[in-house]
Amino acid sequence: QVQLVESGGGLVQAGGSLRLACAASGIIRSINVISWYRQGPGTERELVASISPSGTTNYADSVKGRFTISRDNAKKMAYLEMNSLKPEDTAVYFCYAFVASYGMLSYASYWGQGTQVTVSS
């Protein structure tokens with residue numbers, strides 16, 4: 001069984017920074033693309049950033065220049081460094097990854113449980 005567990009959320013003032021972490025555990029052979037999504041109050045879940053196994057990144061326009069996604073393949077970890085936070089960044093942030101377990105040829109997608117980020121004005 002594969003699990004993704006996020007950490008690092010919290011309450012921060014506008015202009016502040018937070019670093020989210022996503023830890024993958026289980027019998028994992030390989031992790032493909034890892035993404036961070038967020039869902040604010042009354043909004044749909046949206047893609048924030050993604051990173052390929054080789055480190056190619058993609059960002060939503062709303063976070064470009066402020067957020068940085070990274071990963072540590074050896075540790076099976078992903079991170080989201082969030083700077084210059086704005087009240088509109090307030091949301092539950094979710095880790096999402098395509099993971100192949102040992103004995104499986106294909107990748108399956110998994111979601112973490114989410115971590116709350118609240119930015120006060």
Side-chain angles (χ1 to χ4, degrees):
Q1 183 74 9
V2 173
Q3 281 192 317
L4 301 178
V5 178
E6 303 95 335
S7 61
L11 174 64
V12 63
Q13 288 189 329
S17 298
L18 282 174
R19 187 189 193 215
L20 306 183
C22 172
S25 63
I27 305 175
I28 296 172
R29 175 174 62 81
S30 175
I31 303 177
N32 204 323
V33 175
I34 303 174
S35 302
W36 286 95
Y37 282 75
R38 67 185 180 186
Q39 187 166 16
T43 66
E44 294 187 354
R45 196 169 295 191
E46 63 174 356
L47 176 65
V48 176
S50 60
I51 185 167
S52 73
S54 62
T56 300
T57 58
N58 181 53
Y59 296 93
D61 288 342
S62 59
V63 306
K64 280 181 182 177
R66 299 188 299 122
F67 290 11
T68 302
I69 188 172
S70 61
R71 64 190 288 167
D72 185 327
N73 292 329
K75 294 183 179 178
K76 299 182 178 63
M77 297 286 295
Y79 307 94
L80 186 68
E81 185 77 33
M82 305 185 295
N83 298 313
S84 302
L85 283 161
K86 305 174 181 179
E88 51 263 43
D89 294 319
T90 295
V92 178
Y93 284 72
F94 299 89
C95 181
Y96 179 68
F98 289 89
V99 181
S101 300
Y102 281 103
M104 294 182 61
L105 293 177
S106 61
Y107 288 84
S109 60
Y110 296 87
W111 287 97
Q113 84 289 349
T115 185
Q116 176 70 47
V117 171
T118 303
V119 184
S120 63
S121 56

Can you tell me how far SG of Cys22 sits from CG of Asp72, rounded to the nearest 0.5 angstrom? 12.5 Å
Side-chain heavy atoms of Ile31 within contact of Lys76, under 4.5 Å: yes
Taking all non-hydrogen atoms of both residues, which atom of Ile51 and which atom of Ser70 are closest, and how far apart? CD1-CA, 3.8 Å
So which atom in Leu4 and which in Ala24 form the shortest heavy-atom distance, rounded to 0.1 Å? CD2-CB, 3.6 Å
What distance separates Ile28 CD1 from Gln1 CD, expressed to the nearest 0.5 Å? 10.5 Å
Check whether Leu18 and Tyr79 end up in the same hydrophobic cluster, where Ile, Leu, Val, Met, Phe, Trp and Tyr are linked by side-chain heavy atoms less than 4.5 Å apart. no
Answer yes if Val63 and Leu20 sit in the same cluster of Ile, Leu, Val, Met, Phe, Trp and Tyr residues linked by side chain heavy atoms under 4.5 Å apart, and no otherwise. yes
Nearest-0.5 Å distance, CG of residue Asn32 to OG of residue Ser52: 8.0 Å
Closest non-hydrogen atom pair between Met77 and Ala21, with its separation: CE-CB, 3.9 Å
By the rule that ILVMFWY residues connect when side-chain heavy atoms come within less than 4.5 angstrom, directly or transitively, which residues belong alongside Val5? none
Side chains of residues 97-112: which donor-acceptor pairs under 3.5 Å do they make with residues two or more places apart or in other chains?
residue	atom	partner	partner atom	Å
Ser101	OG	Ile27	O	3.4
Tyr107	OH	Ser30	OG	2.8

Please set out all donor-acceptor pairs under 3.5 angstrom arising from side-chain atoms of residues 80-95, sequence neighbours excluded.
residue	atom	partner	partner atom	Å
Asn83	OD1	Ser17	OG	2.8
Asp89	OD1	Arg38	NH1	2.9
Asp89	OD1	Arg66	NH2	3.0
Asp89	OD2	Arg66	NH1	2.7
Asp89	OD2	Arg66	NH2	3.4
Asp89	OD2	Lys86	N	2.8
Thr90	OG1	Pro87	O	2.9
Thr90	OG1	Val119	N	2.9
Thr90	OG1	Val119	O	3.4
Tyr93	OH	Arg38	NH1	2.9
Tyr93	OH	Asp89	O	2.6

Intermediate values then yes/no, side chain to side chain contact (heavy atoms under 4.5 Å, CB included), Arg71 and Ile69: CA-CA 7 Å; Arg71 64 190 288 167; Ile69 188 172; over 6 Å; no
Within a radius of less than 6.0 Å around CD of Gln3, do more than 12 heavy atoms belonging to other residues, nucleotides or ligands occur? no
Following the transitive rule for hydrophobic clusters with a side-chain heavy-atom cut-off under 4.5 Å over Ile, Leu, Val, Met, Phe, Trp and Tyr, establish whether Val117 and Tyr59 coincide in one cluster. yes
Hydrophobic cluster membership, with links at side-chain heavy-atom distances under 4.5 Å among I/L/V/M/F/W/Y: are Tyr96 and Ile34 in one? no
